[in-house]
Amino acid sequence: MSRAYPLPTNLSSSTVTNTASLVRIVALGLISGAAIASRLFAVINFESIIHEFDPWFNYRATRVLAAKGFYEFWNWFDPTAWYPLGRVVGGTVYPGLMATSGVIYNVLHALNLPVDIRNICVLLAPGFSALTAWATYMFTTEMKDSSAGLLAAAFIGIVPGYISRSVAGSYDNEAIAIFLLMFTFYLWIKALKLGSALYGTLAAIFYFYMVAAWGGYAFITNMIPVHALVLMLMGRYSTRLYVGYCSWYAIGTLASMQVPFVGFQPVRTSEHMGALGVFGLLQLVAFAQLIRSHLSSKQFQNLLAIAVVSIGVLGALGFVFLTYKGWIAPWTGRFYSLWDTGYAKKYIPIIASVSEHQPTAWPSFFMDLQSLVFIFPAGVILCFRQLRDEHVFVIIYAVVASYFAGVMVRLMLTLTPVVCVASAIAFSTLLDTYIDPTEPEVPEEGKENADGKAKETGGSAALAAVSDIVAATTTEAAAGSSKTKTAPKPKVKGIWGLDTRFLVVVNAIGMLCFFVMHCTWVTSNAYSSPSVVLASQNPDGSQHIIDDFREAYYWLRQNTPQDAVVMSWWDYGYQIAGMADRPTLVDNNTWNNTHIATVGKAMSSPEEVAYPILRKHDVDYVLVIFGGLLGYSGDDINKFLWMVRIAQGVWPDEIQEPNYFTPQGEYRVDERASPAMRNSLMYKMSYHRFSELFGGGQAVDRVRQQNMPKQGPTLDYLDEAFTSENWIVRIYQVRDEDVLGRDLKSANAFTAGKKRKRTKPASRRRAIQQ
Amino acid sequence: MVQCWRARTLLFFASAFPLLSAAQQSFENSGIVRTVDLGGSLVHVTTTYAAKALQDNADSYTIAVPNDDLLKTSFLEVKVKGQPKPLVVSYGGASDAGAHLLNAALTKALPVNGTVNIVVESIQIHATRPWPERAAQDESQALKYDTQLFVLSPYKTLIQRTKLKSTNPSIISYTTPEKVEEFTTENPVSKSGATVTYGPYNNVPESSSLDFVSKHQQPVSINYAYDFPVIEVTKMSRTAEVSHWGDNLNIQDDIVLHNAGPKLKGHFSRFMFQTQAYFNRPAPHILPALTVHLPAGIRNTYYYDLNGNVSTSRLRTAPSTPRLGSKAQAQYSVLELKPRFPLMGGWNYSYTLGWDAPLSDSASYDAISGTYTVEIPTMTEIAGSVVDDAELKIILPEGATDVEYALPFPAISSELTTHVTYLDTIGRPAIILKYKNLTHKHIKPIFVSYKVPLAVHFRKPVAVATVLLGLFGFTLVARRIDLTIHKKKA
């Protein structure tokens, strides 16, 4: 046996095991550290602050939970959201995230560590990412070995596809959900491998935690049954599968029904029917196995045929009947949009208007996964080599998640773990092969000893891994099944010398280094902005913070009555509730399309039409985001078409999208803007007094790069109440009705000393005479 | 010296005690001059009495303060002119006209015809009000101040006058007193520049009597332009935390600011605000930024509000100078504090400002008695502002014993509680003091002395080490216990 390089021989095996165990623990510790540290860019570059939109609600809910306790939180009715409807928060949230923070908060305070609840919320996602790395390590270890596990942990720790949803401050359900996803999968694999009811129950408990934490739990609800079904179709039914699946399904489903927001969905909606069906099928198969052991094979064949047909027909009829009677809910719009990417845009604009519901662009796969995206298929194919039960799981997971990641940007998140696992398997196979010092022996003519043959199969598999994987899987399988019969004159495959090894290993390490650099760069540049605070640079290179959002929200909080109702587009609802602490009409929990369409209608109608809507909803202040001065492109004028579309969906007679374009079909805000555009409340509020700021010069909208007309729009029904430093947030107060009962437009004209037009009363007189 | 920020308590005494006939005509005022420095939230009133003793061995001079003035007064100090030490004042009951009499004990008794100049310095708070009550963003600001025409005194006065001094010569209106021919033949009121003078009025009898007050006393008011924002601190709570391990004194102020100037008429226009800033013509009632003097040598200064960090402020730190005991004039750090939005009239803004300072700058250790003494200032001045409600919490190190404190002026309430924070086992002693109506005159150090036994310093590391050791020990044992029911066959 020759080696490419010498190995120490005087080590006892226990020393090696202990050292390896220590190295593993240290490596896992370092990986956890890296996972946490790389998510802290946001805190270091900005501050410890809650990011984006949805996290503000979660934070607000957590504060209620921390201040008033679990019971109060459970029964919390929030009258300030969806004014005047209100929101039963306890029954319409996935409480897992808040409960997690609440438990951490209470534990720390019990230990006399009075950590601020905000810091717990901000740092929850990085903390759980370390746990995700550990769960991925455990999962991958089940797939291959612990070295692949460590690689997978390192990948998931820093891969941007996961970081994008779990930086410090991104206090959203996904922050804990990915850990729960991976850990539930790990426990399922364990349950399946061991046929252990204990692991099945643990999987069910973590499944319950996942259900309580994230709407994406349906992914687990369908992945595990699909896995079980495929195993059965492959003829791999076993008592281990039966025990594992049944203990998971029975306990998990009962537990998940305890979450108020889920309720009876697990037995009534279509998304959960797969799991129920597989559960039933498993019982049948198990029963069939039992009968088979008691009957002759001929009788059994007949019985099986009849049973399969009748049960299949009965089941299908039953399902149709239940759906028809409305006991099982029909498929929802969000579900359809998973299959037809154009569906949402046509029928549910509110779903399509969210940028993270758009189909994924190709570059974002590279941005989020870098080199893993092309190593990942190799790992999936390597799973075919052994094709144990758990490998089937990875293969199914890879296929399903790849599809969903292509449909919706946010589902990138569910693809990322399997990419890391599969890539780690591929990478570690590669490294195993090339670091292994064993060299194949050159066979002497006509003489082969058994030892050499064994080496040779190993060597052939190793080379196959890189050169011709598919071919190798077949040869390996062939070699594994019949070692001596095939290969009368086998070709010697293997790696000789150090140079080849060196070349490949250095190349592989180089790729890993580039991966780390890419991840760091993407994390620090793309995913670490809180979006509540914007940053720019001063001429001297120092950081300049643009803090208009918080400025305006704080003004609302400090200088308006506590019960003043604020209307804005739904994107800002949670932020207003969280930072300004004022009632809002609509927010990011977009459950009531009509209410949102009402706001859209008010925004896109002329003042006279919008004013009664505002009065009817007790609106005191209207808040718009305007980026024209600073060049902030995420402003309301750019979102305006969605407001028009959503309003059009409810009032197609009053609001029509084409009216907001020029006759040439352009979306313009300058002199050539369409009349509907220029008269809309949104346009007027955005550009009110904007051109005056340029002091006679040409006013330019820096987002749309259009020259604004000299004469800006005037407002009759609203007053400018506050404008933030860079004009990003503009708040208008809705005027009271005129004391003399005139409409506000003519009242204003009267105050301004303009003569009333004579035409109107004249025509009215004539009408009376007739 | 009397601190009158507890005017209501004082009034209670006034009704409880029977009248004392303080006016023994032991003195005669040869002249009284009252100077009122008109301001925003604070109005300085300095009254100088030139007194002549009519009896031998006159050792107590009585000052009369009208009830209205006493309610407004936050600080009052009586001195002999030219002497730094204030006189001891005792309450002498109320006169029949409702004025409160204060007896100042002179340091040495006067012979007949001996003279003394007594200066009464007081600060009135909330004594002005915006007039007109509302002002648009581009309008100027005017305030109104009301007072009484005559200075009251239990003694006869040969000549008295009242000067109302404004900072701006544009005085919009002032009251012309009527029916004062008895005291003056000339013009009863005159204006020169930014000063309005009432008087001189000659031969005023004992003016604190009911007879005089009902007959001659009359209200006067002045409406004057004021060029600075009127700032009020509605609520201030200061937390000072002493740490010997970190050699650190952390001070944190939670402050609610209120612009008490004229309420904003119409709405705030950012465009107009930016135009005003561009042409350097800011409106007087807008508060765009504050300058605060913080101690020298501070570090880790933080400024945030309910929505997080505010990034618009600038800090210039001065190097640290140990101050306790040394008379050297200390330097200070300057913080330019800019609220998130400019404070228009009637607007509020709340924020938190905190910093760490080296403990050695404000603490000393007496090795003989083993006592630490820490000096903690009552507040940080925000120029021209009054603090309506203040709460001070001084947190001492865990396990501190023999806690004693010396207050520069009595608190409304004070208590000793326990504050539990990071990794404390028994909690730290904390002193909570409550005050009302503080002004810059009340910025004085509170001295706290306590003992910290050496063993107490090690309480925290020992506690943490014990817990960790327990955890490791538990794991050590737990890993070696086999709980499997069915032993796997090897």
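From a predicted model like this one, the values you see are computed outputs, not experimental measurements. So that the names make sense, note that chain A is the first sequence line, chain B the second, and so on, each numbered from 1.
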Taking salt bridge (charged side-chain N to carboxylate O under 4.0 Å, His left out) as the definition, give me every residue that meets it alongside A:Asp716, ordered by chain and number, with sequence neighbours left out. none

Given side chains that start at C-beta, do those of B:Tyr349 and B:Arg340 come closer than 4.5 Å, heavy atoms only? yes

Applying side-chain hydrogen bond (donor to acceptor under 3.5 Å, both in side chains) to A:Asp116 and not counting sequence neighbours gives none

Chain B contacts, top residue of A:Arg730, A:His109, A:Glu692 (heavy-atom pairs, under 4.5 Å): A:Glu692

Do A:Leu715 and A:Glu607 come close enough that some side-chain heavy atom pair is under 4.5 Å? yes

A:Tyr632 and A:Asn726: side chain donor to acceptor below 3.5 Å: no

Select one option (side chain, backbone, both, neither) describing which atoms of A:Arg118 are under 4.5 Å from chain B's heavy atoms. neither

Honestly, the part of A:Val115 sitting under 4.5 Å from a heavy atom of chain B is both

Can you tell which part of A:Tyr553 gets under 4.5 Å to a heavy atom of chain B, answering side chain, backbone, both or neither? both

Does the pair B:Arg316/B:Glu336 count as a salt bridge with the N-to-O cut at 4.0 Å? yes

Taking 4.5 Å as the heavy-atom cut-off, does anything in residues 298-308 of chain B contact chain A, and if so which residues? B:Asp305, B:Leu306, B:Asn307, B:Gly308

Tell me if a side-chain donor or acceptor on B:Ser385 pairs with a main-chain N or O of B:Val233 at a distance below 3.5 Å. no

Checking heavy-atom separations under 4.5 Å from chain A, one finds in residues 258-279 of chain B B:His267, B:Phe268, B:Ser269, B:Arg270, B:Phe271, B:Gln274

Below 4.5 Å from any heavy atom of chain B, which atoms of A:Glu725 appear? Answer side chain, backbone, both or neither. both

Is the CD atom of B:Glu133 crowded by more than 12 outside heavy atoms at less than 6.0 Å? no

From CA spacing to verdict: side-chain contact (heavy atoms from CB on, under 4.5 Å), A:Ile576, A:Tyr574: CA-CA 5 Å; A:Ile576 293 172; A:Tyr574 278 165; over 6 Å; no

Is it true that A:Phe690 and A:Phe694 have ring centroids separated by less than 6.0 Å? yes

Between chain B and each of A:Leu693, A:Ile49, A:Asp548, A:Ile731, count heavy-atom pairs under 4.5 Å; write down the option with the most. A:Leu693

Choice from A:Arg550, A:Glu551, A:Glu47 maximising heavy atom contacts with chain B below 4.5 Å: A:Arg550

Side chains of B:Asp254 and B:Thr352, donor plus acceptor under 3.5 Å: yes

Taking atom CD of A:Gln711 as the centre, report whether more than 12 heavy atoms of other residues, nucleotides or ligands fall under 6.0 Å from it. no

Which word best sums up how the rings of A:Phe722 and A:Trp555 line up, parallel for under 30°, tilted for 30 to 60°, or perpendicular for over 60°? parallel

